[in-house]
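Beneath this line is the structure, given in structure tokens, with notes to follow.
The first residue of the sequence shown is numbered 1, and numbering continues consecutively from there. Basis for what follows: all heavy atoms, side chains included, without hydrogens, waters or symmetry-related copies. Quick caveat: nothing in here was measured; it's all calculated off a predicted structure.
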Amino acid sequence: MAQGCPITGLEVALTDLQSSQNNVRHHTEEISVDRLVVRRGQAFSITLYFKNRGFQPGMDSIMFVAETGPLPDLAKGTRAVFSFTGSGGPSPWIASLEANRANSLEVSLCAPPIAAVGRYLLKIRIDSYQGFVTAYQLGEFILLFNPWCPADAVYLESEPQRQEYVVNDYGFIYQGSKSWIRPCPWNYGQFEENIIDICLELLEKSLNFQVDPSTDCALRGSPVYTSRVVCAMINSNDDNGVLNGNWSENYVDGINPAEWTGSVAILKQWHATGCQPVRYGQCWVFAAVMCTVMRCLGIPTRVITNFDSGHDTDGNLIIDEYYDNTGRILENMKKDTVWNFHVWNECWMARKDLPPGYGGWQVLDATPQETSNGLYCCGPASVKVIKEGEIDLNYDTRFAFSMVNADCMSWLVYGGKEQKLHQDTATVGNFISTKSIQSDERDDITESYKYEEGSLQEREVFLKALQKLQATRSQGPHQANSNPFSSVPPRHNSARSPDSPSLQPSDVLQVSLKFELLDSPKMGQDINFVLLAVNMSPQFKDLKLNLSAQSLLHDGSPLVPFWQDTAFITLFPEEEKSYPCKILYSQYSQYLSTDKLIRISALGEEKNSPEKILVNKIITLTFPGIMINVLGAAFVNQPLTVQVVFSNPLSEPVEDCVLTLEGSGLFRKQQRVLIGVLKPHHKASITLKTVPFKSGQRQIQANLRSNRFKDIKGYKNVYVDIGL
């Protein structure tokens with residue numbers, strides 16, 4: 001040996017992380033082709049190039065080191081040391097020798113499917129013959145959850161579902177009301193430039209990381225833990241989270257939540273301002289941004305809308321609503337609310353912390369409503385747990401159950417006293433919606449949350465939930481004297497009218513009331529409707545009806561009444577009469593909220609009777625959308641012309657008009673076009689050019705705002721060909 005060529009230490013000259021090839025195999029090529037982004041539980045290849053000689057298995061020993069977090073620790077799993085010994089070694093990380101050439105070595109590495117996600121540093125130590133030791137930093141890589149790996153807790157078996165809930169970067173968030181469900185286009189943009197870095201920065205700004213960074217990083221292997229951290233960081237109630245919530249209708253120092261069309265601008269603004277919360281968000285914005293972050297990290301996620309969503313603040317599974325003698329909602333007494341719609345997320349994961357059978361879709365709600373273990377987050381709560389009423393299981397299942405299946409109690413407040421009007425079991429939780437898989441259609445998933453309304457199973461589940469609640473806490477404020485749930489209650493109770501939406505008349509008055517619209521209510525036009533009164537009894541009925549109208553926010557908060565009327569109707573036995581009503585545009589225009597919701601109510605009473613009957617109806621004003629035309633075929637790196645057509649739906653001029661457009665893979669950043677003034681009912685169009693930079697199915701999202709409306713939306717799906 002001494003007289004031959006001497007054996008020297010093996011020196012690494014260059015490392016090829018094969019980012020482009022690895023990222024394609026790991027479904028991360030849209031995140032980057034220059035940086036290595038891989039998924040746990042799946043092998044990736046690197047090539048080591050040596051300076052002086054090739055690798056000699058009998059002479060050289062290679063040890064790899066992978067580290068994440070500020071304090072890597074072998075015991076906590078944030079530091080791994082492993083060699084070519086295969087899976088039988090002490091580390092769950094695996095290194096395999098793929099090819100040994102003259103001056104290079106191709107190696108396959110694989111992180112275990114339980115490894116913590118995040119940014120990793122990859123190192124190498126080479127021990128050679130005669131004690132030569134060399135050590136190198138090979139480079140950085142990002143490790144994500146892997147829904148393609150059967151051993152990963154987020155494994156999703158269906159490839160179409162993986163494409164929809166992980167890969168798809170656009171979608172729809174459903175808004176409006178149960179009688180007018182409107183798809184709102186949204187750009188999730190989870191693979192846009194720098195979004196992965198912002199998502200990792202978000203984890204490092206969490207209170208969990210600030211208090212104990214070592215433990216926080218170690219726990220990032222759990223999707224249950226990671227989802228709770230992200231959920232708390234989307235809102236800013238406890239920390240410098242991404243979004244400030246605002247339901248005041250005053251947005252002068254920020255952006256009206258209705259104007260956003262995507263998550264990318266929000267996340268980039270949060271990052272660019274040193275992680276200062278972005279103003280402002282409401283439920284659909286919180287959910288959309290969380291969807292972006294979770295899909296980026298590799299956890300299958302979808303956005304869910306629940307119409308007539310309960311917000312049970314006192315935790316008794318009852319939503320209490322208070323009315324005055326005109327049928328007007330009393331805001332100053334409202335603690336519980338029924339949101340016209342509420343939006344949250346579902347994330348797919350195993351739940352080994354729960355009894356068997358409760359994995360799968362989990363509710364996570366980033367809207368700051370109530371605290372969970374001291375932080376404003378909600379979930380993950382198993383959808384199957386919610387359906388079965390097992391509200392004592394983690395996390396926040398009692399609150400999630402009440403959002404879809406609480407009962408409603410209405411009270412008349414008059415002369416300092418409260419009179420129970422009705423109890424309704426069917427008001428809360430309707431048309432629970434999400435975007436269909438690889439389709440622009442709406443998917444109704446109500447049956448995954450609860451049994452059919454009116455069924456014995458649904459009432460039994462509610463009673464089970466109530467019994468579990470009462471086993472751990474005292475009764476709610478209106479259950480002190482008697483328990484209305486001592487047995488399975490009837491579907492409806494007392495004087496609930498059809499639009500409320502009970503279909504039974506008052507048992508005492510034997511009168512049914514119902515509102516009917518005479519035409520489709522459109523923004524800028526008068527609202528014409530009738531109140532139908534039906535006498536179900538063999539006696540004459542002399543009715544006094546107090547009618548009112550007030551705008552609503554989507555969270556159920558009422559604004560000041562702007563219209564009132566009083567009607568006196570005499571009904572012969574079994575007679576039906578209609579009372580015509582009209583609300584002029586001039587009466588409601590100054591009071592309309594961004595949500596364009598109007599609640600009409602009527603409180604009826606018979607002469608010389610203490611009994612009351614309440615009917616109400618929520619009207620959603622419709623408006624024309626934006627039309628987008630793509631002129632010609634779309635190709636990567638080729639100019640594309642887009643025409644946008646929009647109009648002013650009002651019979652008065654609107655000012656400060658701004659059109660915004662965005663679309664992942666189509667626009668590098670959000671486009672803003674100042675329009676200025678639009679004349680009454682004026683239609684206008686603009687044409688602009690862009691250069692698509694990603695192939696495949698894409699979507700353009702557009703929004704038009706003015707001083708009179710904030711969220712006229714439009715979208716256009718575009719297929720971008722890779723070209724020559």
Side-chain angles (χ1 to χ4, degrees), residues 177-179 306-323 329 334-342 383 385-391 397-412 419-432 444-470 475-479 481-508 512-514 556 612-618:
S177 65
K178 64 185 176 188
S179 59
N306 178 34
F307 292 93
D308 299 328
S309 187
H311 182 186
D312 176 23
T313 58
D314 52 15
N316 65 350
L317 306 185
I318 305 294
I319 307 296
D320 294 300
E321 294 190 314
Y322 298 89
Y323 296 82
I329 304 173
K334 282 175 71 68
K335 294 180 181 178
D336 297 344
T337 51
V338 176
W339 294 35
N340 208 53
F341 69 89
H342 183 49
V383 173
V385 164
I386 295 167
K387 183 171 183 176
E388 298 302 328
E390 303 289 350
I391 64 169
T397 52
R398 192 274 311 157
F399 186 78
F401 180 90
S402 70
M403 291 196 294
V404 299
N405 214 12
D407 281 1
C408 274
M409 200 89 77
S410 292
W411 303 83
L412 173 66
Q419 176 186 342
K420 178 180 171 182
L421 288 173
H422 59 77
Q423 170 195 324
D424 196 317
T425 70
T427 293
V428 169
N430 293 290
F431 298 101
I432 303 176
D444 191 307
I445 58 170
T446 307
E447 66 173 8
S448 66
Y449 278 86
K450 58 182 181 179
Y451 293 98
E452 184 179 358
E453 286 290 356
S455 68
L456 182 62
Q457 278 181 305
E458 186 273 334
R459 283 292 86 190
E460 287 176 340
V461 166
F462 183 87
L463 183 59
K464 181 208 295 186
L466 192 72
Q467 289 170 338
K468 286 178 176 288
L469 176 68
Q470 292 174 338
Q475 293 181 322
H478 293 292
Q479 299 175 13
N481 297 326
S482 63
N483 182 3
F485 308 107
S486 55
S487 61
V488 179
R491 276 190 41 77
H492 304 290
N493 189 15
S494 190
R496 189 64 161 177
S497 65
D499 281 298
S500 304
S502 161
L503 297 178
Q504 295 193 8
S506 164
D507 294 334
V508 179
S512 173
L513 299 178
K514 183 180 180 180
K612 315 285 185 184
I613 180 171
L614 174 70
V615 60
N616 53 60
K617 186 180 187 70
I618 295 176

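The structure places CG of Asn316 at 6.5 Å from CG of Asp336, a figure rounded to the nearest 0.5 Å. Rounded to the nearest 0.5 angstrom, Thr337 OG1 and Ile329 CD1 are separated by 10.0 Å. In this structure, Gln423 CD and Trp411 CH2 are separated by 9.5 Å, a value rounded to the nearest 0.5 Å. Here OG of Ser448 is found 6.5 Å from CD1 of Ile432. Values are rounded to the nearest 0.5 Å. Taken to the nearest 0.5 Å, the SG atom of Cys408 stands 8.0 Å off from the NE2 atom of His422.
A pairwise comparison of heavy atoms in Ser177 and Phe307 identifies C-CD2, 3.6 Å as the closest pair. The minimum heavy-atom distance linking Ala465 with Ile391 is given by the pair O-CD1, 3.1 Å. Smallest separation of non-hydrogen atoms from Ile386 and Ala400: CD1-CB, 3.6 Å. Minimum interatomic distance between Val428 and Gly310 (heavy atoms only, all atoms of both residues): CG1-N, 3.6 Å.
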Are Asn616 and Tyr323 close enough, and set up right, to give a side chain to side chain contact (heavy atoms under 4.5 Å, CB included), and what steps lead you there? CA-CA 11 Å; Asn616 53 60; Tyr323 296 82; 3.5 Å; yes
Could you please spell out the steps behind the side chain to side chain contact (heavy atoms under 4.5 Å, CB included) verdict for Asn405 and Glu458? CA-CA 9 Å; Asn405 214 12; Glu458 186 273 334; 2.9 Å; yes
Can you check side chain to side chain contact (heavy atoms under 4.5 Å, CB included) on Lys450 and Val461, steps first, answer last? CA-CA 9 Å; Lys450 58 182 181 179; Val461 166; over 6 Å; no
Start with the C-alpha distance between Glu388 and Lys464, add both sets of side-chain angles, then the distance that settles side chain to side chain contact (heavy atoms under 4.5 Å, CB included), and finish with yes or no. CA-CA 9 Å; Glu388 298 302 328; Lys464 181 208 295 186; 4.3 Å; yes
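Here Glu447 does not pair with Lys387 in a salt bridge; the nearest charged N to carboxylate O distance is not below 4.0 Å. Electrostatic pairing of Lys420 and Asp320 does not count as a salt bridge here, judged by no charged N lying under 4.0 Å from a carboxylate O.
Judged purely by atom type and a 3.5 angstrom limit, Lys612 has no side-chain atom pairing as donor or acceptor with the backbone of Leu421. No donor-acceptor pair under 3.5 Å is formed between the side chain of Asp407 and the backbone N or O of Ile318. No donor-acceptor pair closer than 3.5 Å links the side chain of Thr446 to the backbone N or O of Asn430. Looking at Asp312, its side chain does come within 3.5 Å of a backbone N or O of Leu317 through a donor-acceptor pair.
With Phe462 as the aromatic partner, Arg459 meets the cation-pi criteria of under 6.0 angstrom to the ring centre and within 45 degrees of the ring axis.
With contacts defined as side-chain heavy-atom distances shorter than 4.5 Å, the pair His311/Thr313 qualifies. The closest side-chain heavy-atom distance from Asn306 to Trp339 is not below 4.5 Å. Side-chain contact check for Glu390 versus Thr397: every heavy-atom pair is 4.5 Å or farther apart. Annotation: side chain of Gln457 is not in contact with side chain of Glu452 (no heavy-atom distance under 4.5 Å).
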